[in-house]
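Data first, discussion second: the structure below is written as structure tokens.
These numbers come from a predicted model, not from an experiment.
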Amino acid sequence: YRVKAEDKSTRSYSVRVEKKIALQSFGFYKEDNPGLEEDYKAVIRGLIIDIAVHETVDITKLVARFQTSTGATVKIGVVTQESKVTANNFNSPVAYTFTDAGLPASVDFKVALSFIGPQWWMIGDKSIIVPTADELRMAINPITKYPYLAYLRSGKDENGTAIPNENKKVAVIGFTGTEWKYMGASTGVSDARATSVSLAFSNEGTPYIAYEDYFESKQKGTVLKYINDAWIPVGEKNFTPMRVDKYSFTIGENDQPVIAATTFTAIPGYVKRAIYASNFTGGQWNNITPTVSKPLVGLLNVFKGLDNKTYLALVDRNNMLSMFKLVNNTWVAVGPSGFRATDNLPPYNSVIGAASAQGEVYIGYQTVVSSQRLNRILKFNPATSAWEELGSAGSSQGEDKYALAIDPNGKLYFAFADNSGLNVKTFNRATNHWNTPRRVVSGKINGFDIKVSSDAIPYLAVSTNADGKTAVYKYTNTK
């Protein structure tokens, strides 16, 4: 436009008309999603769609209801979106792309999905342990209700010097409520290199550790307890009568130390890879090896349930699962011995177990299909005397790290590493399926453990591969 003023001067003006595109509302409504129990409405801040849902919501197939400015076309990738119709997986970042003939370029609105309720909060920072923490194990002090960690020192020491294999000792550190404090020397409390680390507490709060002891290359089992600021042996060090291969430890019923192992070498009475179990009573370690039809064992895990009973999960050399409970120093089978899930796929690499305060017993393992490690959690059903799988625990892709924990009310927490990071999910008893996992830590995971305190607070200890650092998280509403 050219405008002429009263003083005869002229000025030219250009007028540009732009069409404004807008996302006016967004949400997930139960009317559009039969699985929802309530409506969830987003807050739109610029090009960010903030929306929070409960952790029980299956975010892998949610239908969004949205309203836009007239004439806008909305897509995710190449798929045109229709409000109240199109379902999408919100487990990964999602961007709604808006286009319009009147716009010079498309506009992306990104969904920022979060969860209502507790969050995973880091306790302190990632400087609590200097070297890399291999075989990271955690236990909760029953008196203070705070987490303790046991681990093998690896990587570089406090001076930046590489730790040789023979000095990969066990170290133990505990949280006091305000700081992390070592129990014994930070440089390790075992006499020599160790493997197969376990950590447990007595009912009075005395910490115990157990490990395969490589002192003088013996590779036998050792158990220590922390009394008067010192680690002392329970019985003799290297007490097992044979070199051990798999080695597991717990403080069982009536504060009784219990170990389970497989023999690394044959000795009189035990062939190679045979099962061996022992408990410490009367001032000595006693043989309580279970009488089983298939004594050759590939994998094992001994643990105390929240019902204060001692359990032993096994995988025999035929790749069949069994679970036993210690009753009056005798191992009694929980249900049938030698079982698998209904697809009959064999267990792979490890086995775990857990029991609730109500006596519900669980066993966990992995199977391999097309190079993918599938997580399996089975629960024993006394009514049918059968082990039944709990939904689909998902894939760990190429990773073999997974753990199961139970809170005092029977809530299940399943943690697993995959190629992208560390995830935790809970079991939904109403739907009989696992809830959508939360990604707690991204990146390659060196090791982790999960435990729940007696006041129902889950803790997660994580060692990350990229930086070799260790962090501990708690799952609460506030820091």
Side-chain angles (χ1 to χ4, degrees), residues 137-148 150 174 198-210 223-227 234-235 247-261 277-290 300-314 322-335 351-364 377-382 385 387 390 403-414 427 429 449-459:
R137 299 292 182 266
M138 179 168 55
I140 307 298
N141 187 319
I143 305 303
T144 67
K145 300 181 178 63
Y146 291 133
Y148 283 57
S198 297
L199 172 65
F201 278 92
S202 70
N203 292 331
E204 291 77 26
T206 300
Y208 288 71
I209 55 172
V223 176
L224 307 178
K225 65 178 179 179
Y226 194 68
I227 299 290
V234 177
Y247 185 65
S248 182
F249 167 79
T250 192
I251 297 294
E253 188 176 9
N254 300 320
D255 274 350
Q256 188 178 92
V258 179
I259 69 101
S278 180
N279 64 353
F280 190 78
T281 57
Q284 63 182 8
W285 287 96
N286 304 284
N287 186 352
I288 55 167
T289 301
L300 55 79
N301 175 233
V302 65
F303 63 94
K304 182 172 76 170
L306 295 185
D307 57 355
N308 290 316
K309 304 299 182 182
T310 307
Y311 294 87
L312 176 61
L314 298 177
S322 296
M323 179 71 77
F324 297 90
K325 180 166 68 171
L326 189 61
V327 181
N328 297 323
N329 277 353
T330 300
W331 294 101
V332 178
V334 179
V351 64
I352 60 175
S356 71
Q358 297 75 31
E360 300 167 314
V361 187
Y362 302 86
I363 195 167
I377 302 296
L378 277 60
K379 177 184 177 182
F380 179 65
N381 185 343
S385 192
W387 287 88
L390 297 183
L404 181 68
I406 310 178
D407 80 1
N409 301 312
K411 185 175 184 178
L412 295 179
Y413 293 84
F414 182 66
F427 188 72
R429 292 177 181 268
D449 201 2
I450 185 170
K451 292 290 187 293
V452 183
S453 66
S454 59
D455 53 355
I457 297 177
Y459 289 89

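Here the OG1 atom belonging to T281 is positioned 5.5 Å from the CD atom belonging to Q256, to the nearest 0.5 angstrom. In this structure, F201 CZ and I251 CD1 are separated by 10.5 Å, a value rounded to the nearest 0.5 Å. The line from CD1 of I259 to CH2 of W285 is 6.5 Å long, rounded to the nearest 0.5 Å. Atom CD1 of I363 and atom CG of L314 lie 8.0 Å apart (nearest 0.5 Å). Note that CG of N287 and CG of N279 are 9.0 Å apart. Values are rounded to the nearest 0.5 Å. One finds the CG atom of L224 at 12.0 Å from the OH atom of Y226 (value rounded to the nearest 0.5 Å).
Counting only distance, with no hydrogens or angles, the side chain of S356 and the backbone of Q358 share a donor-acceptor pair below 3.5 Å. With hydrogens and angles ignored, the 3.5 Å screen pairs a side-chain donor or acceptor of W331 with a backbone N or O of I288. Here the side chain of N328 pairs no donor or acceptor atom with the backbone of T330 at under 3.5 angstrom. Judged by distance alone, with hydrogens and angles left aside, the side-chain atoms of S198 form no donor-acceptor pair with the main-chain N or O of I209 at under 3.5 Å. With hydrogens and angles ignored, the 3.5 Å screen pairs a side-chain donor or acceptor of D255 with a backbone N or O of N203. Side-chain N or O atoms of N286 include one that pairs as donor or acceptor with a backbone N or O of Q284 at under 3.5 Å.
Of all the heavy atoms in P408 and A357, the pair that sits closest is O-CB, 4.0 Å. In terms of heavy-atom proximity, L300 sits nearest to S248 at CD1-CB, 3.7 Å. Residue A405 comes nearest to V452 through the heavy atom pair CB-CG2, 3.9 Å, listed as atom of the first residue, atom of the second, then distance. The heavy-atom pair separating I406 from A355 by the smallest distance is CD1-C, 3.7 Å. The minimum heavy-atom distance between A403 and D449, with the atom names listed, is CB-OD1, 4.4 Å. Of all non-hydrogen atoms in A313 and I352, the two that sit nearest each other are CB-O, 4.3 Å.
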Practice task
Could you check M138 against Y459 for side chain to side chain contact (heavy atoms under 4.5 Å, CB included), going step by step and ending with a plain yes or no?
Solution key: CA-CA 9 Å; M138 179 168 55; Y459 289 89; 3.9 Å; yes

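In this pair, Y311 and F303 present their aromatic rings parallel. The plane angle is below 30°, not in the 30 to 60° band.
Scanning for ring-ring contact (aromatic ring centres under 6.0 Å, His included) contacts around F324 gives an empty result, with sequence neighbours left out. Residues meeting the salt bridge (charged side-chain N to carboxylate O under 4.0 Å, His left out) test with K411, sequence neighbours left out: E55. Applying the salt bridge (charged side-chain N to carboxylate O under 4.0 Å, His left out) rule to K325 yields no partners; only residues at least two apart in sequence or on another chain are considered.
No side-chain heavy atom of F280 sits less than 4.5 Å from a side-chain heavy atom of V223. Residues P290 and L326 are not in side-chain contact: their nearest non-hydrogen atoms beyond the backbone lie 4.5 Å or more apart. Two residues are said to be in side-chain contact when any heavy atoms from C-beta on lie closer than 4.5 Å; V302 and T310 meet this criterion.
Heavy-atom neighbours of K304 NZ from other residues, nucleotides or ligands within 6.0 Å: above the threshold of 12.
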